[in-house]
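Just so it is clear: chains get the letters A, B, ... in the order the sequence lines come, proteins before strands, and each one is counted from 1. Worth saying up front: this structure is predicted, and the values here are computed from it rather than measured.
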2 protein chains.
Amino acid sequence: MAWTFDEIDRRILKTLQHEGRIANNILAEKVGLSPSPCLRRVRLLEEAGIIDRYVAILNPAAMGLKLTVFSRMWLKSQDAATVNHFAREVGQLPEVVECHLMAGDCDFLLRIIIADLDAYRRFQIDHLTRIDGVQSIKTDIPMQKIKQTTEIPLP
Amino acid sequence: MAWTFDEIDRRILKTLQHEGRIANNILAEKVGLSPSPCLRRVRLLEEAGIIDRYVAILNPAAMGLKLTVFSRMWLKSQDAATVNHFAREVGQLPEVVECHLMAGDCDFLLRIIIADLDAYRRFQIDHLTRIDGVQSIKTDIPMQKIKQTTEIPLP
DNA sequence: CCTGAAAGTGCCACAAA
DNA sequence: TTTGTGGCACTTTCAGG
């Protein structure tokens, strides 16, 4: 089912995607509403699942995590048991921040946040290749982050 | 410079990465502090840039954006002018949620959020291939999202 | 508009260096 | 004694009805 936004909802969402902790009265002012109806709209957007959650975004570099890598992985077979086992294992590795089961090319695409190349080398040996059913891994390394946002394009 | 976390800082960060809008007094209770020193620590983490910002995470599917694709792109040349122009253009496309300049293989890796395959087809023709200097594009499509988090592994 | 609750500030106590 | 950190009390501001 499609949700029908008006201009004010769009402004609310756009603002909250940048300032998730903004106070309701400030938000209200920004979108041109008084606080009460503004809060009501936010609650509705939350209950409808449009707003999934609020999070703090940390700066990995400030904690010494200076490297992001993309790893493409191939499994020995793609049967349900192998895939599910892999999914479960990967889900427990906090360094693996994203994991997708892919159509074509590789079986999985992972995004991994880690200190540096050496730490990644060890991580791959100690954790990724140890998972049952893993056949091979190709690592792609970003040299420069051009753009990175949690902001979703509003229709 | 490396920041030195104690156990309480780690608990604060872990909590805020899941509940970015949690009230300070609740957070304080969770981490075993009274509100004032808890707030002080949060402010320090913010000022140190450990906490970059707070955001609302929206649910793309609830807005009809049911597809994420990864596009690997090659440019005709990798000189600064071409690359910068590409970076600037891509930065203005809200559907492009992530863009990395890569070492080896492809030149850029993009993550794109969009309604469906047909919308992507049009987006690629109308926007991506129109950018000056673009030579070719390969599109990788995730079939299943195994894991996706904004949570960064704490050292 | 009104009320209760939370945020934020100042000050003091205590402990470690 | 100095520095860092927790706690309490007070004022201001906000949420929510």
Side-chain angles (χ1 to χ4, degrees), chain A residues 1 3-65 94 115 149-152 154, chain B residues 1-60 62-63 149-155:
Chain A
M1 64 146 205
W3 186 276
T4 152
F5 300 120
D6 64 8
E7 188 50 37
I8 292 181
D9 286 323
R10 202 170 289 114
R11 269 182 263 168
I12 289 175
L13 292 173
K14 194 156 168 44
T15 305
L16 286 176
Q17 284 196 101
H18 285 100
E19 306 169 66
R21 254 195 119 134
I22 192 173
N24 178 62
N25 54 351
I26 311 293
L27 176 62
E29 194 180 341
K30 280 206 180 199
V31 304
L33 236 51
S34 58
S36 298
C38 180
L39 186 62
R40 205 173 71 82
R41 279 172 183 259
V42 172
R43 291 284 176 271
L44 283 174
L45 291 165
E46 286 167 2
E47 279 155 28
I50 309 283
I51 298 175
D52 186 56
R53 63 193 194 279
Y54 300 89
V55 301
I57 302 293
L58 307 190
N59 178 358
M63 295 183 279
L65 302 172
T149 178
T150 55
E151 186 181 354
I152 276 147
L154 301 178
Chain B
M1 70 157 198
W3 185 276
T4 153
F5 299 120
D6 63 9
E7 188 50 37
I8 292 179
D9 286 323
R10 202 171 289 112
R11 268 182 265 169
I12 288 175
L13 292 173
K14 195 159 168 41
T15 305
L16 286 176
Q17 285 196 99
H18 285 100
E19 306 169 66
R21 256 196 117 136
I22 192 173
N24 178 62
N25 55 353
I26 310 291
L27 176 63
E29 194 180 343
K30 278 205 182 199
V31 304
L33 235 52
S34 60
S36 303
C38 181
L39 186 62
R40 262 218 310 271
R41 280 171 182 260
V42 171
R43 290 284 177 271
L44 284 173
L45 291 166
E46 288 167 1
E47 278 155 29
I50 309 283
I51 298 174
D52 185 56
R53 63 193 194 280
Y54 301 89
V55 301
I57 302 293
L58 307 191
N59 178 359
M63 294 183 280
T149 179
T150 55
E151 185 181 355
I152 276 146
L154 301 178

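OP1 or OP2 of D/dG16 has at least one side-chain nitrogen or oxygen of A/Arg43 nearer than 4.0 Å. In terms of phosphate contacts, B/Asn25 brings a side-chain nitrogen or oxygen within less than 4.0 Å of OP1 or OP2 of C/dA6.
Of the residues in residues 51-59 of chain A, none has a non-hydrogen atom less than 4.0 angstrom from any atom of DNA chain C. Residues from residues 33-40 of chain A placing a heavy atom under 4.0 Å of any atom in DNA chain D, listed by number, are A/Ser36, A/Leu39.
What separates CD of B/Glu7 from C1' of D/dG6 is a distance of 17 Å, to the nearest Å. For the pair B/Asp6 CG and C/dA16 C1', the interatomic distance rounds to 15 Å; values are reported in whole Å. Atom CD1 of A/Ile26 is separated from atom P of D/dT12 by 17 Å (rounded to the nearest Å). Between the CZ atom of A/Arg41 and the C1' atom of D/dA15 there is a distance of 18 Å, given to the nearest Å. Atom CG of B/Asp9 is separated from atom P of D/dG4 by 15 Å (rounded to the nearest Å). Rounded to an integer number of Å, the gap from CD of B/Glu29 to C1' of C/dA7 is 16 Å. Per the geometry, CG belonging to B/Leu27 stands 15 Å off C1' belonging to C/dG8, to the nearest Å. The distance between atom CZ of A/Arg21 and atom P of D/dC14, rounded to the nearest whole Å, is 14 Å.
Within the 4.5 Å cutoff, no side-chain heavy atoms of B/Glu46 are placed close to those of B/Leu16. Using a 4.5 Å cut-off on side-chain heavy atoms (C-beta onward), A/Asp6 and A/Arg41 make contact. Contact check for B/Asp52 versus A/Leu58: no side-chain heavy atoms found under the 4.5 Å cut-off. Within the 4.5 Å cutoff, no side-chain heavy atoms of B/Ile50 are placed close to those of B/Asp9.
Taking the charged nitrogens against the carboxylate oxygens, B/Lys30 and B/Glu19 do have a contact shorter than 4.0 Å, which makes a salt bridge.
Around CZ of A/Arg40, the count of heavy atoms belonging to other residues, nucleotides or ligands within 6.0 Å does not exceed 12.
In this structure, CG on A/Leu13 lies 5.5 Å from CZ on A/Phe5, to the nearest 0.5 angstrom. For the atom pair A/Ile51 CD1 and B/Asn59 CG, the distance stands at 11.0 Å (nearest 0.5 Å).
One N or O on the side chain of B/Arg21 and one on the backbone of A/Ile22 form a donor-acceptor pair closer than 3.5 Å.
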